Amino acid sequence: MKGRKTSLLKWAAMIELVIGAYNLMTGVMSAYVLITDLDGVMASFADSGVEYSAAILGVSVAITALGGLIMAVAGGIGMVFSSLQGKQKLPIYCGYGLFAFVILSDIIQIATMGAGFSLSMLFPFVLHGFYMWGAVKNKKELDGAVM
């Protein structure tokens, strides 16, 4: 009996889906906290010696929630469309979208929050790189199966 081999795209998509769902949940809960207790959050930051405006905090929460949504959708698309003939370009487009969002998110984070470049900013590139590699590899395999 021959075992089925799970593609790299499915593994990377599963990880994208899980991390994306977590980020989406974190963004939604953070938005709830900001909406219900903005003064308390601002006081907590002031007590720690950090000053952020409500707009910057809102942008940060929106980026977290939107990034989680994009990752979850890309993960779902990667899992569903990884084996469908003729739909193999959709995960590649999602991979481009993931890279574009991460670059934009890092630029906004550095510009608005005054953060410098850190090594933790590289993790999404590695994760999305595996997703993109799996999507391209999957497309080649599906295109090769047709011929």
Side-chain angles (χ1 to χ4, degrees), residues 5-42 44-46 48-146:
K5 181 181 163 193
T6 304
S7 69
L8 175 63
L9 176 59
K10 281 198 177 187
W11 281 108
M14 195 180 324
I15 293 169
E16 291 275 356
L17 182 65
V18 170
I19 294 175
Y22 175 77
N23 285 346
L24 180 60
M25 181 181 63
T26 301
V28 169
M29 293 303 292
S30 298
Y32 174 76
V33 169
L34 281 181
I35 290 170
T36 58
D37 191 24
L38 180 62
D39 294 333
V41 171
M42 298 300 283
S44 174
F45 276 120
S48 67
V50 180
E51 289 291 325
Y52 290 125
S53 69
I56 289 176
L57 291 176
V59 166
S60 176
V61 167
I63 287 173
T64 301
L66 184 61
L69 179 65
I70 291 171
M71 286 177 67
V73 168
I77 287 173
M79 291 182 70
V80 171
F81 292 111
S82 66
S83 58
L84 293 178
Q85 189 65 37
K87 302 290 185 184
Q88 61 267 33
K89 285 189 178 181
L90 193 55
I92 293 174
Y93 295 144
C94 288
Y96 289 141
L98 287 168
F99 277 120
F101 182 80
V102 168
I103 291 169
L104 184 63
S105 170
D106 287 347
I107 289 170
I108 291 172
Q109 182 179 355
I110 290 170
T112 61
M113 302 199 75
F117 180 78
S118 67
L119 289 178
S120 65
M121 290 180 171
L122 296 179
F123 174 72
F125 287 105
V126 172
L127 178 62
H128 303 329
F130 278 124
Y131 181 91
M132 193 67 168
W133 182 26
V136 170
K137 185 177 170 186
N138 187 60
K139 181 182 180 319
K140 287 180 183 177
E141 288 174 0
L142 287 177
D143 287 344
V146 170

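The structure displayed is predicted, hence computed values, not measured ones.
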(Q) Test side-chain contact (heavy atoms from CB on, under 4.5 Å) on Tyr93 and Ile77; report intermediate values, then the result. (A) CA-CA 10 Å; Tyr93 295 144; Ile77 287 173; over 6 Å; no
Q) Can you tell me how far CD of Glu16 sits from CD1 of Ile70, rounded to the nearest 0.5 angstrom? A) 11.0 Å
Q) How many angstroms lie between CH2 in Trp11 and CE in Met79, if you round to the nearest 0.5 Å? A) 9.5 Å
**Q.** Minimum-distance pair of heavy atoms, taken over all atoms of Phe101 and Ile63
**A.** CZ-O, 3.5 Å
Q: Please check if the side chain of Tyr131 supplies one atom and the backbone of Leu98 the other of a donor-acceptor pair under 3.5 Å.
A: no
Q: List for me each residue that meets side chain to side chain contact (heavy atoms under 4.5 Å, CB included) alongside Val18, sequence neighbours excluded, and say none if there are none.
A: none
(Q) With a 4.5 Å cut-off on side-chain heavy atoms, are Leu9 and Phe81 touching? (A) no
**Q.** side chain to side chain contact (heavy atoms under 4.5 Å, CB included) involving Leu69 - partner list, sequence neighbours excluded
**A.** Leu24, Val73
Q. Where do Ala74 and Cys94 come nearest, in terms of heavy atoms and distance?
A. CB-CB, 3.9 Å
Q) Who are the ring-ring contact (aromatic ring centres under 6.0 Å, His included) partners of Phe45, not counting sequence neighbours? A) Tyr52
Q.
To the closest 0.5 Å, what do you measure between NZ (Lys89) and OH (Tyr96)?
A. 10.0 Å
Q) If you take all heavy atoms of Gly95 and Met132, which pair is closest and at what distance? A) CA-SD, 3.7 Å
Q.
Once you measure the plane-to-plane angle for Phe99 and His128, does it fall in the parallel (<30°), tilted (30-60°) or perpendicular (>60°) bin?
A. perpendicular
Q.
For Gly78 versus Ser82, what's the shortest heavy-atom pair and its separation?
A. O-CB, 3.0 Å
Q | Partner set under side chain to side chain contact (heavy atoms under 4.5 Å, CB included) for Leu104, not counting sequence neighbours | A | Ile108
Which pairs would a plain distance check flag for residues 30-42, meaning a side-chain donor or acceptor within less than 3.5 Å of a matching protein atom at least two apart in sequence or in another chain?
residue : atom : partner : partner atom : Å
Ser30   : OG   : Thr26   : O            : 2.8
Thr36   : OG1  : Tyr32   : O            : 2.9
Thr36   : OG1  : Val33   : O            : 3.4
Asp37   : OD1  : Gly40   : N            : 3.2

Q: First locate atom CG of Asp106, then atom CE of Met121, and finally report the distance between them rounded to the nearest 0.5 Å.
A: 4.5 Å
Q. Between Leu17 and Gly76, what is the shortest heavy-atom contact and its length?
A. CD1-N, 4.1 Å
Q) Residues in side chain to side chain contact (heavy atoms under 4.5 Å, CB included) with Ile19, at least two apart? A) Ile15, Asn23, Met71, Phe123, Leu127
